[in-house]
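Here the structure is laid out as structure tokens; the discussion comes afterwards.
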Amino acid sequence: MRRAVVVIAILFSMQSAISAGHYQSGSIKNITATTAGLMVMMDTGMPSNCEGSPHGWMLIEQKNTTMISVVLAAWASQNRSGTIYTSGRSGGSRYCLVTQFDPAN
């Protein structure tokens with residue numbers, strides 16, 4: 001029984017370590033709009049898979065209009081806390097690509 005508890009604890013800690021590389025919780029501290037889409041910066045930094053993205057900026061591509069709308073609504077309402085999920089700097093992108101924004105309740 002004790003061994004099973006230890007194994008379960010290890011499995012839960014492994015999941016946290018795996019997922020921590022692609023998301024970051026905090027508050028949006030800055031935004032800017034470019035021809036490529038909406039760029040956001042979190043007050044807590046970037047996920048580890050975003051290493052090399054200039055100045056802490058992460059890109060929500062223009063084609064992701066729903067996500068851009070949610071982020072802009074959060075920004076305008078001063079309710080900027082949430083979790084940002086990323087896919088890293090894939091496809092030759094200079095900036096880390098955002099795949100999801102989950103606003104805090």
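Values reported hereafter were calculated over all heavy atoms of this structure, with side chains retained and with hydrogens, waters and symmetry mates removed.
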> How far does CG of D102 sit from OG of S81, to the nearest 0.5 angstrom?
Replying inline: 11.5 Å
>> Rounded at 0.5 Å granularity, tell me how far SG in C50 sits from OH in Y23.
In response: 13.5 Å
Is there a donor-acceptor pair under 3.5 Å between the side chain of [X] and the backbone N or O of [Y]?
X: R80; Y: S27; value: no
X: T99; Y: Y85; value: yes
X: S93; Y: Y95; value: yes
X: S53; Y: G56; value: no

How close do [X] and [Y] get, heavy atom to heavy atom, and via which atoms?
X: I60; Y: M67; result: CG2-CE, 4.0 Å
X: N49; Y: T86; result: OD1-OG1, 2.7 Å
X: R94; Y: R89; result: O-NE, 3.1 Å
X: N79; Y: A104; result: ND2-O, 4.1 Å

Treating Ile, Leu, Val, Met, Phe, Trp and Tyr as nodes and any side-chain heavy-atom pair under 4.5 angstrom as an edge, say whether [X] and [Y] lie in one connected cluster.
X: M42; Y: L97; result: no
X: L38; Y: M41; result: no
X: W75; Y: M46; result: yes

Flag the pair [X] / [Y] as yes when at least one side-chain heavy-atom distance between them is below 4.5 Å, and no otherwise.
X: F101; Y: I28; value: yes
X: H22; Y: S87; value: no
X: I84; Y: V71; value: no
X: M39; Y: I31; value: no
X: T44; Y: S25; value: no
X: W57; Y: T32; value: yes
X: Q24; Y: T83; value: no
X: M58; Y: P47; value: yes

